[in-house]
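Remember, predicted model here, so these are calculated numbers, not experimental data. Protein chains get the first letters and strands the later ones, always in sequence-line order, with residue 1 at the start of each.
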Amino acid sequence: MNTAVALDKTGSPLSEPVYELSNVSKTYARNLVVALEDVSLTLRKGSFTSVIGSSGCGKSTLLKIMAGLIPPSQGRVTLQGQPVTGTRRDIGMMFQQATLFPWKTAVENIVLPIEIRDGKAAATKALGKAHELLEIVGLKGFEDVYPNELSGGMAQRASICRMLITEPAVLLLDEPFSALDELSRDMMNMELQRICREQDATAFLVTHSIQEAVILSDEIVVMKPRPGRVAEVVKVDLPRPRTLDMMTTPKFGEIVDYIRGMLDKGEDL
Amino acid sequence: MSDVASNTPLANQDGEDTVWVQELSLIDSVPRSIAMIFVFVVFVGTWQLVTALEMVSPIILPTPWETLMDMLFVGKNLLTGGYMLGALWITIQEVILGFALAIAIGFSLGILVGETAFGEKAVMPYLVAIDTMPKVAFAPLFVAWLGFGIESKVALAAFIATFPIVVGTAAGLHSADENARMLFKTMGATRLQTLFKMKLPSGLPQIFTGLKIGAVGVMAGAITGEFLGGGKGFGELIRVAASQLNTPRVFSLILYLSLVGLVVYLLVMYAQRKIVFWHEERVGAHD
Ligand SMILES: Nc1ncnc2c1ncn2[C@@H]1O[C@H](COP(=O)(O)OP(=O)(O)OP(=O)(O)O)[C@@H](O)[C@H]1O
Ligand SMILES: [Mg+2]
């Protein structure tokens, strides 16, 4: 195999584990679909992990279990030493769909988590920060626009701001940039990296783009479908901070090719 | 050869704007006002024809002209504060109070049924059972319980209008999408916050549909109540006019009454436009 690709969790920069999943399985009672089988993962503080795998292999399910939205059928999830048995304040989650509320303007949507936690007054105070976040994601001037006047990509960017405004310690992202064009996607990815480093946040990202996974991640979890399980955890030892021109380096290409090969193989199964 | 073939049309396309008009069939492109006047003229024309040829007896169907004259008479009576105005005011009070009561009860029951498992399991079956009854049949009961005053009419009006509001509210609460629910969970929202900040706003379109159906029912309830329980309202005037075979009067009273119903309906529509501004209801076949 390839030297650039370490096959397991040996010799990582040993910060403390934040998330620990052991033998997590999920069977949906409704249709008896085995969405996840025996998934074990460890996320370390400040690390960036991506999950990649074909459609329907249980990525969103995994994220929902980690967020405490649905219980696993078997196995154990702990976050910062405590078992996850429901949603928690220190988790910020972004769903596959932007889900902005049409009766609130963009900024009002963004300060909604604050409004819910600490009330209207706190939300009003957070408006300034919401404006800053909107500017970062390139939505300056759209603060007071209602969501049905935003494009799909703009709505996704706004919902990223909504997740970031509470400065969560853990970010769970389900294909956050799927509706963006490639250029803004690259830009948003770099912005995401910067924010994660700044807040020392641990990130867990579901994506369909191998490039995106490689440029952002310390580790990439490659999943296989039916039943969803971890095929391999691929380590990316490109230096930090990552920059977009690393995408042209041979090492980057090697890792991309390696993962692509693995996903192709999965297709045959 | 292929060069020439592909070049010529390109040169032709150059500089030509392709602004084109979306085709609308003839019947859809008629302006609303003209279409409405057209239907009105056809209606009144047919009416005039039928009465002029004496195809039906004048006692059954007055001429449009007689009806108009009577409307002017009734209108004058209303404007000069005659006895009819007092009757109309009574009916309007019944409608307003009945609707307010229906909204309060319907909304509360709708939340109970739509939000709690208890309500859905234990209360909803009874509501459905009552809803299938002919509610007008309760009128004599309301009169027996509440007397011949406006109370019994308010009760019947509210009784009829409550159910669509319950159903609309419950359906609205159920309509919130799964992602929105999960999002509120991750934000750590309490049940009440989820209800008031997410489920109710998401359900407003359905709630207003219930309100509009209720607004129509409340009028029917008030008038039925007056027919069956006496009193001094507009329904009583209609009943008396009908018993005197004064058909033009019945017609003009009904038309004035429908104005009241229309105003209630339009008020609900207006509130919907203001409150549910983000939700565009598609009415016609065109944008
Ligand atoms: N609420 C649910 N009830 C029943 N089955 C479900 C539910 N959600 C997902 N599944 C099933 O579980 C499997 C995994 O779904 P999941 O949404 O986790 O896939 P995914 O990897 O996120 O796919 P995609 O890349 O398309 O988003 C699928 O086969 C799906 O049919
Ligand atoms: Mg998914």
Next on the checklist: If I compare all heavy atoms of A:Pro102 with all of B:Phe277, which pair ends up nearest, and what's the gap?
Outcome noted: O-CE1, 4.4 Å
Next on the checklist: With a 4.5 angstrom heavy-atom cut-off, is it the side chain or the backbone of B:Thr190 that approaches chain A, or both, or neither?
Outcome noted: neither
Item to check | CD/A:Gln74: more than 12 non-hydrogen atoms of other groups inside 6.0 Å | outcome: no
Next on the checklist: Let's test your reading of the structure: which of A:Glu115, A:Gln96, A:Met163 forms the most heavy-atom pairs below 4.5 Å with chain B?
Outcome noted: A:Glu115
Item to check | Shortest non-hydrogen contact from A:Ile116 toward B:Lys197 | outcome: CG1-CD, 4.2 Å
Checklist entry - Could you state the interatomic distance from CE (B:Met182) to OG1 (A:Thr87), rounded to the nearest 0.5 Å? => result 12.0 Å
Checklist entry - Going through the distances and angles, do A:Phe95 and B:Thr186 end up as a side-chain contact (heavy atoms from CB on, under 4.5 Å)? => result CA-CA 11 Å; A:Phe95 296 97; B:Thr186 60; 4.2 Å; yes
Checklist entry - What are the two closest non-hydrogen atoms of B:Met198 and A:Phe101, and how far apart are they? => result CG-CE2, 3.6 Å
Next on the checklist: Using every non-hydrogen atom in the two residues, find where A:Thr99 and B:Leu183 come nearest and quote the distance to one decimal.
Outcome noted: O-CD2, 3.8 Å
Next on the checklist: Can you confirm whether more than 12 heavy atoms, excluding those of A:Phe142, are under 6.0 Å from its CZ atom?
Outcome noted: no
Checklist outcome for this item: Cut-off 4.5 Å, heavy atoms of chain B, and the answer for A:Arg162 is side chain
Checklist entry - For the candidates A:Thr166, A:Leu112, A:Ile70, A:Leu172, which exhibits the highest count of non-hydrogen atom pairs separated by less than 4.5 Å from chain B? => result A:Leu112
Next on the checklist: Around atom CZ of A:Arg194, are there more than 12 heavy atoms from other residues, nucleotides or ligands closer than 6.0 Å?
Outcome noted: yes
Checklist outcome for this item: When the 4.5 angstrom heavy-atom criterion is applied to A:Lys104 and chain B, the contacting part is neither
Checklist entry - Counting only heavy atoms not in A:Tyr28, do more than 12 sit closer than 6.0 Å to its OH atom? => result yes
